[in-house]
Every structure is written in structure tokens, then in C-alpha cells.
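Worth knowing before you read on, the calculation uses all heavy atoms, side chains too, and leaves out hydrogens, waters and symmetry mates. All chains are named by letter (A, B, ...) in the order of the sequence lines, taking the proteins before the strands, and each is independently numbered beginning at 1.
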Amino acid sequence: MEILKSEIQDLVEAAVESLGVNSSLIERMLQPAREADQGDLSLPCFPFAKALSMSPVAIAEQIKDAMGEHAAIDEVNAVNGYLNIRADPAWLAGRLLSGDVRHAANGSRREVLIEHTSANPNGPFHVGRARNAILGDTLVRLHRLWGDTVTAEYYVDDMGKQVAVLAWALENMSADDVEGLLSEREPANPQWVDKADHQRVRWYQAAQLLRKEGEQSESIEKAIGELVHASEHGDEEVLQSFQSAYQPVLDGMLETLGRLGIAFDRFTKESVFVTNGDVANLMETLGSLEINGVADNGAQFLDLGQRGLKGKTEFFYRRGDGSSLYATRDIAYHRWKWTQCNELINVLGEDHKLQAQQVGLTLEELGDRRPEVMFYSFIKLPEGKMSTRRGNVVFMDDLLEEAHAHAVEVLKERRPDLSAEAMATIAEAVGTSAVRFNIISVSPEKGFTFRWEDALSFEAGSAPFIMYSHTRACSIQRKVVEVDAAFLENNRTPAVPDETMPDGLVQLLRMLAVHDDRLAKVVREHRPNLYAEYLLQLSTAYNSFYRDCYILDEGKVDPFYFAVSELARTTLKEGMIGLGIVPLETM
RNA sequence: GGGCGUGUAGCACAGCUGGAUAAUGCAUCGGCCUCCUAAGCCGAAGAUCGCGGGUUCGAAUCCUGCCACGCCCGCCA
């Protein structure tokens, strides 16, 4: 709890000094208490035991006795060798309601470029791909909540084999060809027949079959190879045909993402760095490096083993025919990205770890910084790995429909009074928020198994739980305005009452006091799941407060309780936006 | 074979820059709607923190060996 720590650290240091111990460790040792009933900050006294040749228990007692009084401190206890300090709830309330604490710790607003998703535009989004998009977008939102200036960027893979296959298929196959080839597969979901990503992926899949099994697979492979080659050499006409092939697919994917509240500020095409000469220049620079090597056929690589890379140390950046590789273009892209920001974050699947190492080391070799990377592990289905080929996929579009339908069912039961229209709006918000939250709330590096029952859980521990707490606060605000329309204006900073506060209120104040600490950590360490956990705790605290403190009692408004409720409401709302949960005002 | 990651209650998951009784949700059992939305609240039960060593006043957390699972080790993207 930084707001308390910054206030009383001097006091603790003075007390420790008075015992004759150097207090330089206090800054680090004075830490949040683990259990709420221990207090807000605690100082383990074990490290001082040797120097003072006293028991930690006695040391804690003596520090306690040596501590001066402070308005921020409710009580100090010495327990089992720990010095526990509890913040005074009234002091906390005063600080929080004065409004000058929020984001107080934020001295470092940065310009951050976050690249995420960047999926090949060759088919609809499935849940596996969505982990990247949801994590990335949440990171974008949380950095914005923190006060950073953020650019969310999608790197469009507009050259290379995957797009070439799609372009070739659209050019050379009829709808009948495609459906004939895919006759043994599951037919496309009729609901999405007009959506280009679902449509065109059929062409892509059919072409993949032909490439592998068809009689003309060799000639097809050759044709596609020529397209790839042309694109890698910056052939405008080919690149143009690629674009008309993938753009509608990309648009379809973005439509799906839009439903989840995910949007991008900029799309950067891979081919740009080929056509503008950056890649050629880069390869020239790399060729002059000390660690450059040349293979028999003229291909070039860097020996990154000399820079600490383990395992396979040769990193090829140039083919024998002189063309670039994906990673080479990625390096050119990164060098450009560094001209756009002072903080760079990439969201990548764990399969990209080696490549990220190669790119990072090469950037350092060139005198650039390496980007920060948030890696995530892939989403599996209970039946095993997701695979489009075996039809073992969950499309995001289907998942969102299912989530929406499930939310409608729940609403029919709980709120039969609502109009169909209102229900649809709420169901969409509840469904999409629940899906996002389900994915955000687990650590990115942890394997994630997608389960319908979890994604559609609307109970405690889910997005709807947080949403529900927020709507309670909204409902109270509406009622207060009904009772007294001018109340909001007249009671900006009510006096903090001089009486013992109910448990629920104290819990809520402490949760609110800790918000910035948590957000700072989440943004610094790229761990959105910790913020998801925080919002759950804040919601729980609000619900306890709601239980203990009647804001409206017999038609009268308690100004202090209402102010606390309002602070919780705005904190919840901003936090929900930070996670991409829709802050409904009623549900 | 090498590199990286993961292993915590029946299930899912938090905690991992070492600190006191390992947090939370689901499932299980019990209580709370004549009062601000019960998608809620209160309580019970449930954990040799993968296994073995080590460092330390103190280890889920650090080091090390082993086991299991995932990902990677293309002049593919």
C-alpha cells in the first residue's frame, strides 16, 4: 500500500535507527501484509536479529514502542517477530475521497507501441488465435488506464506462402471445385456464409488439399512458389493481387474482433519494408557484421552462438538467391517500430520464442534495444490440440453466438421484465465480456484448455460478477439522483464521520487504496491476469460494503457512504474498460 | 539429444524480486430475500505446493538432480 508507505516510512526508519540498526533496508522490507487481519504493511524483524543479538519478537516490540504517532496509523502490533501496521480507515477515506491519490505513483508516462494478433489473414478467428488478440488488447487498455500513450498495431503478413495459396486458389478455382474437394469435410456454418473470412477459408483449405494430394500438386506448388518469389522481390502486381485476396478476410476477422471490443490504430504491411528498400539495406548492414557467415550457396547467416544463443546458433537472414526471410523482414520492421515509440511490446505465441531471441539478439547487435515480449501458451480443447484440418476448432464467431444465446437464457430467468431489445444488448455485453475474462484471468504462459462451461460461467469469479457489482453501484447513483437531484453537486467531498466503520466499508477502502499499486505492477510486468484478480477482489469488497452500509436508508442519503460508493463505481468502471469488460449500467 | 516453459485441494486457477494460518472460483454441505438488483452475502469441509537433495533464522517461492506435460530446434511463415 504505497499511499500509506510513503506517509510513514520515515517514522519506521527513525524507530529502527533508534535501536541502532541501519535503516536502509526498510524501503525494501516494509511490505504489504499478507493477511488482511494482520494490517496493511508489515516489517519482518528477523534480519535485525543477528546485528542486535536479540530475538525478532523483542525487536518488533521495541520498534513498536519507539514508533511515533501518525494520523495515518490506526494501530501498530508486534506479532511473532513482525511489526504490523494498520492504516487508519478514516485517514484512508479522506485521502481517497480527496481525489489526489489516483495514479499518484505514475511518474513515467510512456509512448508504447504494442503489436499483437498479426494473424495471417487466411481464415476466421478461432479461439486459439484469440488468446493473442485478447491478451494484446487488454495490455493496450491497461497501459492506457495507467496513462501511457499507446499505439495498437497489427502487422499484416501480406506476402509469403499462406497469402499466396489463398490468392492462387481464388484465381484458379471455382466454387464448385472448392466444395467438391471439401465434400468430406464439415460444411461451412450457414450462419456465416456471407462473411468473407468464412467463405474464403474454403478456397484456402481446398488449395491446401490440392497442394498435398492432387495430381497437379507439383505444378501448383511451382505456381505458388513463383508468386511467393515475386512478392519477396516486391512485385507490385502480385502484391496487389495478394491484397485483394486477403483484405476481405482480414476485414471479416476484424469484424469478429470488433465484437470483443478489440480495435487497432494502425496496420503495417510486411511488404512495405521490401518495397521501400529497408530490407535490402538491412541485409547489407548485417553482411558487414563481425558474426556474419556465408553458406556454400551464398546464403548468409549470423552466428548468434557468439552472442550467447544456445542450441542452433546459425540464424539465416538471406537465402542463396538473395531474397529475404520472414525474420529478416521482422527485424527491418522492428527497427522502424523503434522510430515510432520509446517502449515496444510484442504479444507472441510460445512457438515464436526462438525467433524472438534471434530478432532480439540481432537488434542488439545493430545497436537497438530488444522489444519486450509477452509470450502465451496455446489454447487447447478438451479433445486435444486445435486443428483446422481435423475440424477440431472453435471459431470465435460461434463462441460469441453461443455466449450471447446463453446470456439470453440467463436473462429470461432473472429479468423477465426486460424487452427483447434490452435483453439483446445486455446479453451481448455479458457474453463477450465473459469470454474475454475467461481468457484474461489465467497467466499467459500457462497452458489453457478451453471449456464451454467455464467460458459461459456467469457466477462469482467471472466478468458478469464484476459487471453485476458495478450495476449495483449505478443503481444506487440513479436512486440518489431521484431522491435529491442536486445531491451530486452539493456533496463533492463529504466529511469523514468520526465513528467506527463497518467491516465491509473498511475492506472496500483498503482495496481502493491498493489500486494503483496493482495497476503499476500489472503494466510493468505485463500480467493482465493480476488485474483481473484485483477487479474480482474489488467487486467482492464492494458487495460486502453494499451489505453492511445502507447508502439510502429510509429515503435519506448518507453522503459519506455515497461518496465511497461513487469512488468504487468509477474505479470499477475504469477497470472494466481496462479489461475490455462492458460497464453496463443495468443488467 | 539440446533450449525454453508449465506441474499448487475432486476440477480450474492465484501467489514465485524467500517471510507469519498457501488466496479465489466451480463442484459438495449448511444458513440469509416484508430494506439500495440474491448474476449477491455469510459459514463448513477439502492441499505431503510433481518427487529427492541443497542454501537460509525462514523455501510453494532461490540452486541442483530426477519425473510428467507443452512449445521450439527449416536457406517455411
Does atom [atom1] ([X]) have a neighbourhood of more than 12 heavy atoms from anything else shown, all under 6.0 Å?
X: Asp553(A); atom1: CG; value: yes
X: Lys5(A); atom1: NZ; value: yes
X: Lys573(A); atom1: NZ; value: no
X: Asp296(A); atom1: CG; value: no

What nucleotide among [options] has an atom nearest to a side-chain atom of [X]?
X: Asp37(A); options: A14(B), G40(B), U21(B); value: U21(B)
X: Met587(A); options: A39(B), G25(B), A77(B); value: A39(B)
X: Asp157(A); options: A77(B), A20(B), A39(B); value: A77(B)
X: Phe465(A); options: A14(B), C42(B), G40(B); value: G40(B)
X: Glu533(A); options: A39(B), U17(B), A14(B); value: A14(B)
X: Gln162(A); options: A77(B), C16(B), A20(B); value: A77(B)
X: Tyr550(A); options: C35(B), C75(B), A20(B); value: C35(B)
X: Ser544(A); options: C75(B), C42(B), A20(B); value: C42(B)
X: Asp351(A); options: C72(B), A39(B), A20(B); value: C72(B)
X: Leu411(A); options: A77(B), C71(B), A39(B); value: A39(B)

With a non-hydrogen cut-off below 4.0 angstrom, is [X] in contact with a base, only sugar-phosphate, or nothing?
X: Val79(A); value: base
X: Gln477(A); value: nothing
X: Ile551(A); value: base
X: Thr586(A); value: base
X: Ser475(A); value: base
X: Cys549(A); value: base
X: Asn122(A); value: nothing
X: Gln537(A); value: nothing
X: Leu530(A); value: sugar-phosphate

- Task: Indicate yes or no: at least one non-hydrogen side-chain atom of Cys474(A) is less than 4.5 angstrom from one of His470(A).
- Result: yes
- Query: Any side-chain heavy-atom pair from Val557(A) and Leu552(A) closer than 4.5 angstrom?
  - Reply: yes
Ignoring hydrogens and angles, state whether a donor on the side chain of [X] or [Y] is under 3.5 Å from an acceptor on the partner side chain.
X: Asp517(A); Y: Tyr534(A); value: no
X: Tyr376(A); Y: Asn132(A); value: yes
X: Gln208(A); Y: Arg211(A); value: yes
X: Arg86(A); Y: Asn77(A); value: no
X: Ser42(A); Y: Arg34(A); value: no

- With P as the reference atom in both, quote the distance from U24(B) to A9(B) in angstrom, rounded to an integer. 16 Å
- Message: When the P atoms of G15(B) and U56(B) are compared, how many Å lie between them, rounded to an integer?
- Response: 29 Å
- Message: If the test is side chain to side chain donor-acceptor pair (under 3.5 Å), which one of Thr362(A), Asp330(A), Asn292(A) qualifies with Tyr317(A)?
- Response: Asn292(A)
- Item | Steps toward salt bridge (charged side-chain N to carboxylate O under 4.0 Å, His left out) verdict (Glu533(A), Arg518(A)) | CA-CA 10 Å; Glu533(A) 197 196 357; Arg518(A) 295 290 191 93; 5.0 Å; no
- Readout for nucleotides 4-12 of chain B: B = base within 4.0 Å of protein heavy atom, S = sugar-phosphate only, - = neither; 5' to 3' it is SSSSB---S
Residue-phosphate contact under 4.0 Å: [X] side-chain N/O, [N] OP1/OP2:
X: Arg472(A); N: G40(B); answer: no
X: Arg319(A); N: A77(B); answer: yes
X: Lys161(A); N: G74(B); answer: no
X: Asn297(A); N: C75(B); answer: no
X: Arg329(A); N: A77(B); answer: yes
X: Ser441(A); N: U24(B); answer: no
X: Arg527(A); N: C16(B); answer: yes

Please state whether the base of [N] and the side chain of [X] form at least one donor-acceptor pair under 3.5 Å?
X: Asn543(A); N: A38(B); answer: no
X: Ser462(A); N: A39(B); answer: no
X: Gln355(A); N: A77(B); answer: yes

Rounded to whole Å, please give me the gap between [atom1] in [X] and [atom2] in [N].
X: Phe545(A); N: C42(B); atom1: CZ; atom2: P; value: 15 Å
X: Glu459(A); N: U28(B); atom1: CD; atom2: C1'; value: 14 Å
X: Asn84(A); N: U21(B); atom1: CG; atom2: C1'; value: 13 Å
X: Leu227(A); N: A77(B); atom1: CG; atom2: P; value: 14 Å
X: Glu453(A); N: C26(B); atom1: CD; atom2: P; value: 13 Å
X: Tyr531(A); N: G15(B); atom1: OH; atom2: P; value: 16 Å

Could you let me know what [N] is paired to, Watson-Crick or G-U wobble, both distances under 3.5 Å, or none if it's on its own?
N: G74(B); answer: none
N: C62(B); answer: G54(B)
N: U17(B); answer: none
N: C26(B); answer: G10(B)
N: C69(B); answer: G5(B)

- Item | C33(B), syn or anti by chi within 90 degrees of zero | syn
- Message: So if I take residues 47-61 of chain A and measure heavy-atom distances to RNA chain B, which residues fall below 4.0 Å?
- Response: Pro47(A), Lys50(A)
- Ring-base stacking, Phe316(A) with C75(B) (5.5 Å, 30° cut-offs): yes
- Note on the structure: Residue set satisfying side-chain hydrogen bond (donor to acceptor under 3.5 Å, both in side chains) with Ser433(A), at least two apart, ordered chain then number -> none
